[in-house]
Amino acid sequence: MSQSYYTLPEINPAIFDLGFLSPKWYGMMYLVGFVAAWWLANRRLARTGWSKEQLSDMLFWGFLGVILGGRIGYVLFYQFDLFLDNPLYLFKINEGGMSFHGGLLGVLTALWLSARRLKVPFLVVGDFIAPLVPIGLGAGRIGNFINSELWGRTTDVPWAIIFPNAGSEPRHPSQLYEFALEGVLLFIILWLYSKKPRPIGAVSGLFLLGYGSFRFFVEFFRQWDSHLDLYLGFFSRGQMLSLPMIIAGILMVVWAYKQNAVYQPQSTKLKKGKKV
């Protein structure tokens with residue numbers, strides 16, 4: 001008896017369409033991530049010694065970094081040939097295309113500027129922001145699933161799905177794998193780990209290690225970009241971009257515990273604390 005697979009119905013990318021107003025599911029997922037980050041950040045604001053105004057400025061520039069960095073990164077990392085042919089492609093946001101790795105670089109730039117304004121070490125800001133990120137990542141993967149994009153490789157596993165934009169063959173629902181790992185599991189790990197004071201840089205390092213490892217793993221099930229060759233005939237562009245994150249994450253965690261410096265919110269001084 002042949003296996004019967006679930007076929008994902010074609011879902012309108014617009015939640016509703018009033019002509020002058022046509023919000024998209026993918027954009028709504030970004031909004032969910034931003035609102036969740038804002039709420040979680042305010043829950044932990046008391047431990048920082050920062051004001052609400054300072055936090056609002058940091059989050060605003062961080063969100064802007066996600067959007068600008070994500071778009072620029074997608075074009076440079078995945079569609080560079082199109083950009084060379086037509087540099088205005090960078091601004092064709094209606095055609096979609098966002099890159100996590102580009103968004104990460106955008107956020108890091110925004111956090112570096114925020115750290116300078118707050119006169120605190122960059123990694124202190126990074127440790128505060130890192131646990132807020134996974135919810136937005138997970139929401140974005142749900143948006144990918146609704147849009148029937150970034151699907152997985154062909155497979156015959158019982159939970160395979162036939163995507164309307166990917167032909168008639170069943171595929172891994174890799175968007176849901178990423179939602180579970182990069183979104184839910186990574187959030188739980190970082191949120192619980194950061195509940196206690198940790199050496200400066202440890203939370204940031206754990207985020208890089210966790211995301212990089214989960215993304216590297218899921219890429220084995222995700223369909224690679226057809227216009228990009230696999231490295232060594234095996235590794236995707238996403239894996240090659242994630243590998244430096246894994247290495248950097250490991251080095252940062254080791255360095256953080258070796259330094260064992262604990263940030264004191266009452267001042268910008270770093271004090272040695274017991275390892276936890």
Side-chain angles (χ1 to χ4, degrees), residues 25-37 39-41 62-63 65-67 69-71 73-74 77-78 96-108 111 126-153 155 159 161 163 171-194 202-225 235-250 252-253:
W25 287 108
Y26 193 68
M28 181 60 68
M29 294 302 104
Y30 267 81
L31 181 60
V32 168
F34 292 159
V35 171
W39 181 72
L40 292 172
F63 297 159
V66 169
I67 296 172
R71 179 58 184 173
Y74 172 78
F77 295 152
Y78 295 97
M98 296 286 285
S99 162
F100 164 79
H101 298 92
L104 176 63
L105 293 176
V107 169
L108 291 178
L111 296 187
D127 288 345
F128 178 77
I129 292 295
L132 314 179
V133 176
I135 290 183
L137 295 178
R141 295 311 176 193
I142 295 297
N144 295 144
F145 183 76
I146 292 174
N147 286 348
S148 184
E149 60 190 10
L150 303 183
W151 12 262
R153 306 183 189 189
T155 182
W159 57 86
I161 292 177
F163 292 92
R171 295 178 176 273
H172 283 286
S174 56
Q175 314 97 321
L176 301 184
Y177 300 169
E178 292 186 88
F179 163 75
L181 293 177
E182 302 166 10
V184 179
L185 183 56
L186 186 58
F187 170 74
I188 293 173
I189 292 172
L190 291 175
W191 191 256
L192 294 179
Y193 178 74
S194 62
V203 178
S204 299
L206 185 59
F207 169 80
L208 293 176
L209 174 59
Y211 177 85
S213 300
F214 291 149
R215 176 67 182 269
F216 192 92
F217 171 73
V218 173
E219 284 285 328
F220 285 118
F221 305 94
R222 176 173 160 174
Q223 182 64 44
W224 62 89
D225 296 272
F235 298 110
S236 68
R237 175 66 59 86
Q239 287 174 313
M240 298 307 294
L241 291 172
S242 297
L243 189 58
M245 294 180 66
I246 298 173
I247 297 172
I250 294 173
M252 283 180 63
V253 172

**OP:** Taking all non-hydrogen atoms of both residues into account, name the closest pair between L132 and A41 and its distance.
**Re:** CD1-CB, 3.6 Å
Original post:
CG of L209 to OG of S204: how many Å apart, nearest 0.5 Å?
Top reply: 12.5 Å
Subject >> Enclosure of Y26 OH (heavy-atom neighbours >12, cutoff 6.0 Å) >> reply: yes
Original post:
Which residue, I189, L40, V203, forms the side-chain contact (heavy atoms from CB on, under 4.5 Å) with P131?
Top reply: V203
**OP:** For R153 and R222, indicate whether the former's side chain and the latter's backbone hold a donor-acceptor pair under 3.5 Å.
**Re:** yes
Original post:
Do you know the tightest heavy-atom contact between F179 and G138?
Top reply: CD1-O, 3.3 Å
**OP:** For F145 and I161, run side chain to side chain contact (heavy atoms under 4.5 Å, CB included): C-alpha distance rounded to whole Å, both residues' side-chain angles, the deciding distance at 0.1 Å, then the answer.
**Re:** CA-CA 11 Å; F145 183 76; I161 292 177; 3.7 Å; yes
Subject >> Pairwise side-chain contact, W159 with L176, heavy-atom cut-off 4.5 Å (strictly under) >> reply: no
Original post:
About how many Å separate CD1 of I135 and CD of E182, when rounded to the nearest 0.5 Å?
Top reply: 14.5 Å
Original post:
Out of curiosity, L192 CG to F187 CZ, how far, rounded to the nearest 0.5 Å?
Top reply: 8.0 Å
**OP:** Looking only at non-hydrogen atoms, find the nearest pair between G205 and V253 and report the distance.
**Re:** C-CG2, 3.7 Å
Original post:
Do F163 and Q223 pass the side chain to side chain contact (heavy atoms under 4.5 Å, CB included) test, and can you show the C-alpha distance, the side-chain angles, and the key distance before you say yes or no?
Top reply: CA-CA 12 Å; F163 292 92; Q223 182 64 44; over 6 Å; no
Subject >> Side chain proximity check, L208 to L104, heavy atoms < 4.5 angstrom >> reply: yes
Subject >> Single hit among N144, I146, V218 for side-chain contact (heavy atoms from CB on, under 4.5 Å) with Q175 >> reply: N144
Original post:
In Å and rounded to the nearest 0.5 Å, what is the CZ to CG distance from F214 to L186?
Top reply: 6.0 Å
Subject >> Separation of I129 CD1 from L108 CG (nearest 0.5 Å) >> reply: 11.0 Å
Subject >> Expected output: side-chain Q239 to main-chain S236 donor-acceptor under 3.5 Å >> reply: yes
**OP:** Output yes when a side-chain donor or acceptor of E219 lies under 3.5 Å from a complementary backbone atom of F235, and no otherwise.
**Re:** no
Original post:
Where does the angle between the aromatic ring planes of F207 and Y211 fall among parallel (under 30°), tilted (30 to 60°) and perpendicular (over 60°)?
Top reply: parallel
Original post:
Would one find more than 12 heavy atoms of other residues, nucleotides or ligands at under 6.0 Å from atom CH2 of W25?
Top reply: no
Original post:
Any idea how F34 and F63 line up, ring-wise: parallel (<30°), tilted (30 to 60°), or perpendicular (>60°)?
Top reply: parallel
**OP:** With rounding to the nearest 0.5 Å, note down the distance linking CG in D127 to CE in M252.
**Re:** 7.0 Å
